[in-house]
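Note: hydrogens, waters and symmetry copies are ignored here, and every other heavy atom, side chains too, is used. Numbered from 1 within each chain, the chains take letters A, B, ... in sequence-line order.
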2 protein chains.
Amino acid sequence: MNATTPAPRMTRQRREILEALDTRDFRSAQAWHERLRSEGSTIGLATVYRGLQSLADQGEVDAVVAESGETLYRRCEAGDEHHHHLRCRACGKAVEIDVPEFEAFAHRIAEQHSYGDIRHTIELTGVCPECTAAGKG
Amino acid sequence: MNATTPAPRMTRQRREILEALDTRDFRSAQAWHERLRSEGSTIGLATVYRGLQSLADQGEVDAVVAESGETLYRRCEAGDEHHHHLRCRACGKAVEIDVPEFEAFAHRIAEQHSYGDIRHTIELTGVCPECTAAGKG
DNA sequence: CTGATTTCGACAATCATTCTCAACTGTGCC
DNA sequence: GGCACAGTTGAGAATGATTGTCGAAATCAG
């Protein structure tokens, strides 16, 4: 376990990304970039992509692939714990949810078919109360 | 349900796509295209994309977005029934699975948060016995 | 501070997918 | 069978997200 991954430096840009992520929305890398720019940052798009990816690798942010193929990022509660989300398709607001029953189920199914190295994705999407009210449903 | 969608014509290309899909693997549109070409077809890539999409709309094939962002297609058992898959990350072989417990759970969670128009994605991936044996894991 | 190394950012490149449009072909009608 | 015509096709261009490139700028160790 010797530092094969030399801890990334804490640069202004990295700090900005982390700060922006505090809003805890699910947004695409491009959207985060726009947001940072609109707040006066001069950060580059490639930097945002790199930053989000490295944070995702470290488990600091969750990355989910939307139906459109875009990857959405969001800062997550715990770096370690495995969890899923209920995300609003209209505004991106997300709630972390826990699906203990499913974790067990997944492994049972996998074993039945002798599949190894199981990984699973559960994505719940819907329209949140606010957006429903606003007619964005 | 009155034919607002004028039934697509049965062309040579459409027939070829349908035939290829009989192998029931999960493959990307590009992969299906290559396969058809390698079998002597002169079908175009755009046609494969269009064909797969329209079949997906009709519920004839399942479409899932892989982690890479590619969309994978596979002919499915029942047009109507909602189901999920356990897919091999190495060879694409997939098994249809049923997760009745989860369907209920999803709706319960959604209601707790007052989210409407719920949709869910469950993707189980692993490495099948054959690929594990072949060391592709 | 100074130098070695990493990270940045503008832009080019890549990859999957969609669009454009002229040529082609099922389908319904005679 | 043959005709007309709207739906389809296929090559290539266009798009949109993401990744690679590389000189310039910034960070960290000494």
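Residue B/Ile43 contributes atom CD1, which lies 17 Å from atom C1' of D/dG12 at whole-angstrom precision. Regarding B/Glu67, its CD atom lies at a distance of 17 Å from the C1' atom of C/dA16, rounded to whole Å. Across the protein-nucleic acid pair, A/Leu52 atom CG and C/dT7 atom P stand 15 Å apart, rounded to whole Å. Counting to the nearest Å, the P atom of C/dT17 and the CZ atom of B/Arg27 are 15 Å from each other.
A/Ser68 comes within 4.0 angstrom of nothing in the nucleic acid, heavy atoms only.
Scored by the side chain to side chain donor-acceptor pair (under 3.5 Å) test, B/Gln53 finds no partners at all (sequence neighbours excluded). Scored by the side chain to side chain donor-acceptor pair (under 3.5 Å) test, A/Asp25 finds A/Arg27 as partners (sequence neighbours excluded). Considering only residues two or more places apart in sequence or on other chains, B/Glu111 meets the side chain to side chain contact (heavy atoms under 4.5 Å, CB included) condition with none of them.
In this structure, the nucleotide among C/dA10, D/dT8, C/dC8 sitting nearest to the side chain of A/Thr47 is C/dC8.
Side-chain contact annotation: A/Arg87 with A/Thr125, donor-acceptor N/O pair under 3.5 Å absent. B/Ser68 and B/Glu70 are linked by a side-chain donor-acceptor pair at a separation below 3.5 angstrom, with hydrogens and angles left out of the test. Under the 3.5 Å distance criterion, with hydrogens and angles disregarded, no donor-acceptor pair is assigned to the side chains of B/His84 and B/Asp62.
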*When you check every protein heavy atom under 4.0 Å of nucleotides 18-30 of chain D, what one-letter string (B, S, -) results, 5' to 3'?*
BBBB-----BS--
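Sorted by first and then second residue, the salt bridge (charged side-chain N to carboxylate O under 4.0 Å, His left out) pairs with a member in residues 10-20 of chain B read B/Arg12-B/Glu16; sequence neighbours excluded.
Two end axes, each from the C1' atoms of five base pairs, can be drawn for the helix from C/dC1-D/dG30 to C/dC30-D/dG1; they diverge by 40°, to 10 degrees.
Note on A/Glu67 versus A/Arg89: no salt bridge recorded, every NZ/NE/NH1/NH2 to OD/OE distance being 4.0 Å or above.
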